[in-house]
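Just so we're on the same page: letters track the sequence lines, and every chain starts at 1.
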2 protein chains.
Amino acid sequence: MAIIFSKKCEYGIQGVLYLALKGIGTVTPVEEIAEHLQIPREFISKILQELTSKKIIGSKKGKNGGFFLAKSPAKIKLYDIVIAIDGDAIFGQCVLGFPNCSGDYPCPVHDNWSKLIKETYAMLNAQTLDQFKDKVSLKIQNLGAKKKNVKVRPAN
Amino acid sequence: MAIIFSKKCEYGIQGVLYLALKGIGTVTPVEEIAEHLQIPREFISKILQELTSKKIIGSKKGKNGGFFLAKSPAKIKLYDIVIAIDGDAIFGQCVLGFPNCSGDYPCPVHDNWSKLIKETYAMLNAQTLDQFKDKVSLKIQNLGAKKKNVKVRPAN
DNA sequence: TTTTAATCAGACAATATTATCTGATTATAA
DNA sequence: TTATAATCAGATAATATTGTCTGATTAAAA
């Protein structure tokens, strides 16, 4: 199975996107987020806690508490979320797993792959949450229906 | 942890690359491959067996047996190996994990990501094993030394 | 002030991936 | 023909990721 981002990371991005939809400062309980995005409640809860500790979002404890966007969507990059959850290994590791792949001793696809990774990096850095709020709303509306009985990872 | 290809896939590519280096038809025991590439012997053995059953390489049983390139390096694409081991999920799945992401209901990064994936697809399809035999030889020479005590996956 | 509803912390469970082990089968060489 | 050295098949073990549970803490509302 080849993947790009971990499930944690995917869910994290989806969750923050959802908070962005609700607008800056609007407090949303994890129950609603989990329900809407069809993500296991305790799992997304843990992820949002992690993003809270890394200051990407904020949280409010106690009754009527929940999570919220702590800063302007224009100031939150996809890159920030990816780095917070998955780290930066994707940007520095040899795609073929050669332990000492580098510019001096490149693996066969080093140059080609470097180009793709640079483009990915640029895209994640350029995309801030404010840039696609309308797209997300479409998306969110359309969730839920199809996600039932989906296996954690599709068969290989 | 974000990854692109599974360890199995990385090892598979490395192994086939090594066979390509030895030249078409040259039979190489898995012991030598594992030693040279610093991959667990039983693991790379299983992977090469899988690639054998999928006709990407050939094998010879019994004494003096081993694995070998069954066809011209020019006819083996990186794409073939990736598909054989990791499947094609990477080319069709939403990078943010939205279950019903598509052209009609795109996730926020759908268009950007599609472009990157198409480039990756094109690269894996364009790269055949004959195109970088010299680079690999450099690489292979330089292996082994640094791989000791490397964790299976780097810390997050 | 008490009840309620939320995050938070940490342990635990399930699943997937990675790695290892045992022995059967095969074919070469002695 | 027998010993040897290899793939092959299937079970098992170790680790990482994903998902769940329990209870503590917190803060608002009754």
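Within 4.0 Å of Gly62(A), counting heavy atoms only, lies at least one base atom of the nucleic acid.
Atom C1' of nucleotide dA27(D) and atom CZ of Phe68(A) are separated by 14 Å, given to the nearest angstrom. The NZ-P distance, from Lys63(B) to dT2(D), rounds to 16 Å in whole Å. For the pair Phe67(A) CZ and dT26(D) C1', the interatomic distance rounds to 13 Å; values are reported in whole Å. Computed from coordinates, the Glu50(B) CD to dT17(C) C1' distance equals 13 Å when rounded to whole Å. Separating the NZ atom of Lys8(A) from the P atom of dA16(D) is a distance of 14 Å, rounded to the nearest angstrom. Here the P atom of nucleotide dA5(C) and the CD atom of Glu32(A) are 16 Å apart, to the nearest Å. Remark: C1' of dC12(C) and NZ of Lys46(A) are 11 Å apart, rounded to the nearest angstrom. At whole-Å resolution of the value, CD1 in Ile57(A) and P in dT7(C) are 10 Å apart.
The two residues Cys9(B) and Asp86(B) make their nearest non-hydrogen contact at CB-OD2, 3.2 Å. Across Ile76(A) and Lys71(A), no two heavy atoms sit closer than the pair CG1-CE, 3.7 Å.
Between Ser59(A) and dC8(C) there is a side-chain polar atom (N or O) within less than 4.0 angstrom of OP1 or OP2. The shortest distance between the side-chain N/O atoms of Asn64(B) and the OP1/OP2 oxygens of dA29(C) is below 4.0 Å. In this structure, Tyr11(B) reaches the dA19(C) phosphate: one of its side-chain N or O atoms is under 4.0 Å from OP1 or OP2.
Nearest-nucleotide positions on DNA chain D place Glu42(A) closer to the 5' end than the other of Lys61(A) and Glu42(A). Mapped onto DNA chain D by nearest heavy atom, Pro40(A) and Lys60(A) fall at different nucleotides, with Pro40(A) at the one closer to the 5' end.
Salt bridge Glu119(B)/Lys115(B): present, at least one basic N to carboxylate O contact under 4.0 Å.
Considering only heavy atoms from C-beta on, Ile44(B) stays 4.5 Å or farther from Tyr18(B) through its side chain. Taking the side chain as every heavy atom from C-beta outward, Tyr79(B) and Gln127(B) never approach each other to under 4.5 Å.
Nearest to the side-chain atoms of Phe43(B) among the listed nucleotides dT7(D), dT18(C), dG19(D) stands dT18(C). Checking dT18(C), dC8(C), dC8(D) against every side-chain atom of Ser6(B), the shortest atom distance belongs to dT18(C).
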